[in-house]
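Since the model is a prediction, treat every value here as computed from it, not as a measurement. Per chain, numbering begins at 1; letters A, B, ... match sequence-line order.
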Number of protein chains: 2
Amino acid sequence: MVRDMAGSVRGRRAPRVSGDERERAILEEAERLLGERSLGEISVDDLARGAGISRPTFYFYFPSKDAVVLTLIDRIVVEADRVRDESLQSQADPVASWRESIRIMYATFAEHGATVRAAAELGATNDEARALWSRVMEGWVEHVAERIEAEVARGAATPAAPPPRELAIALVQMAERVMHAIFIAESPAVDATQAVDVLDHVWRTAIYGAAA
Amino acid sequence: MVRDMAGSVRGRRAPRVSGDERERAILEEAERLLGERSLGEISVDDLARGAGISRPTFYFYFPSKDAVVLTLIDRIVVEADRVRDESLQSQADPVASWRESIRIMYATFAEHGATVRAAAELGATNDEARALWSRVMEGWVEHVAERIEAEVARGAATPAAPPPRELAIALVQMAERVMHAIFIAESPAVDATQAVDVLDHVWRTAIYGAAA
DNA sequence: GAATCTACCAACACGGTGTCGAGAAAGTCG
DNA sequence: CGACTTTCTCGACACCGTGTTGGTAGATTC
């Protein structure tokens, strides 16, 4: 959860007692509407009316439409970290677990599809959204980089590979890009049923395989 | 160049004789301003004044701000196709030429950095921009897929790999994402000086290397 | 029961978009 | 040449979305 200097939750002026239902109603309405149309097609008025308040009152709860989405992204940061850490514990076979990491990343993104889409849209114009999203990415990159390093230390990974962190960034960004293309039904896009297999192949060969 | 049913260049109402300098001035001003700030921070008025005309007159040449950027993207489609085809002729060693493809893709994107950024920003909200950009991607995907198929036919590529086209999509999208992160100075991002090396490693191992 | 705080909104100012209708300038043709 | 058309231009307008102001009603606190 991101808090400002006064300790209040993002966008909420006074965290003291209540009015929480309104705030939650706005967030729920935002998620609901993002399932129907893009962020750009949703106005503050839509959000306000959907939450049963007037537009000016909306500004009592959030400083802007963007702040609502930022709060939504916050949740994914937390959720992604939690789910990833859970998967770390049940590690077992290091080679086979790459696939599990990809699968979990896919599932996390898919579950919050509407918010991921909105995050991408907002990231195009909003610095804070970009920064926040980069925290999601950084979490995955660190996770993957650490595990590549472990494989290098174990002598299992290919020695000719680039530095673990550089490789991890490329692999995670590939996964993000491939998944995003699928979720927004872009074309060209990898076939959804093969996505995890394709990514798994590229990850494993890049980490363990020797170049010709 | 994209033309509508009447045969006119995108956005230009009457293609008959002239006024071309104005149109070119708008496009140049757009490219110039995109080097300074993002598309969202540029208004039609900025474009018009920069080209020495009033805002309503702008609408004589282009139906919207978006259409200007679309025209700019058009140029990249053409440019990218041309440069890629040139590189195809001087093929030589198939294994070593992957790196050359990546290098060319990097150079093309870098040369039109401002437009690529604008294309990404516009793609978040504009269907036509997304469709147009997907043509750029499709060009690269077909190119890479064909060459993977050739390597498979030659018996050089790994047989355990996913279908060539699926693999090509993932690899091209990785390259796009990695390059984009570098150009907009995102973090995490692959180190610019190592980008081509890292991508080359992943491509070659994914195409030729065996999974552990 | 006065002061304070929470929750609310009508009305406004502002900035951006896209259109309309009225010209000016420049080419075309009898 | 002078009427006619086409190209090009812009002032003024209608519209929409944002964020702010100023004020109110109800609950809470002392």
Using the side-chain heavy atoms of [X], tell me which of these nucleotides is nearest: [options].
| X | options | result |
| --- | --- | --- |
| A:Phe60 | D:dT20, D:dC8, C:dT6 | C:dT6 |
| B:Tyr59 | D:dT9, C:dG18, D:dT18 | C:dG18 |
| A:Ser43 | D:dG17, D:dG19, C:dC9 | D:dG17 |
| B:Val44 | C:dC8, C:dT17, D:dG11 | C:dT17 |
| B:Tyr61 | D:dT9, C:dC20, C:dC8 | D:dT9 |

Interatomic distance where [atom1] belongs to [X] and [atom2] belongs to [N] [whole Å]:
| X | N | atom1 | atom2 | answer |
| --- | --- | --- | --- | --- |
| B:Ile53 | D:dC10 | CD1 | C1' | 10 Å |
| A:Glu41 | C:dT17 | CD | C1' | 16 Å |
| A:Phe62 | D:dG19 | CZ | C1' | 16 Å |
| A:Arg37 | D:dG17 | CZ | P | 10 Å |
| B:Ile26 | D:dT9 | CD1 | P | 9 Å |
| B:Phe58 | D:dG11 | CZ | C1' | 18 Å |
| A:Asp45 | D:dC15 | CG | P | 17 Å |
| A:Ile42 | D:dG17 | CD1 | P | 13 Å |

Regarding D:dG19, can its base be found pairing with the side chain of A:Arg55 as donor and acceptor, where the two atoms are less than 3.5 Å apart?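 Present.
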
Hydrogens and angles aside, do B:Glu151 and B:Trp98 bring a side-chain donor and acceptor to less than 3.5 Å of each other?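 No.
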
Base, sugar-phosphate, or nothing: which does A:Thr57 touch, judged by heavy atoms less than 4.0 Å apart?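 Answer is base: heavy atoms of A:Thr57 come under 4.0 Å of a base.
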
Looking across every strand, which nucleic acid part, if any, lies under 4.0 Å from A:Ser54 by heavy atom: base, sugar-phosphate, or nothing?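 Here A:Ser54 touches the bases of the nucleic acid.
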
Verify the neighbour count for atom CZ of A:Arg49: are there more than 12 heavy atoms of other residues, nucleotides or ligands below 6.0 Å?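 Atom CZ in A:Arg49 is not packed in, count stays at 12 or less.
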
Do the non-hydrogen side-chain atoms of A:Glu86 and A:Ile104 ever get within less than 4.5 Å of each other?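 No, side chains not in contact.
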
Pairs flagged by salt bridge (charged side-chain N to carboxylate O under 4.0 Å, His left out) wherever residues 110-126 of chain B is involved - sequence neighbours left out: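 Checked against salt bridge (charged side-chain N to carboxylate O under 4.0 Å, His left out) - neighbours excluded - no pair reaches residues 110-126 of chain B.
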
Check: A:Tyr106 ring centre within less than 6.0 Å of A:Trp140 ring centre: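 Here the rings of A:Trp140 and A:Tyr106 have centres that are no less than 6.0 Å from each other.
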
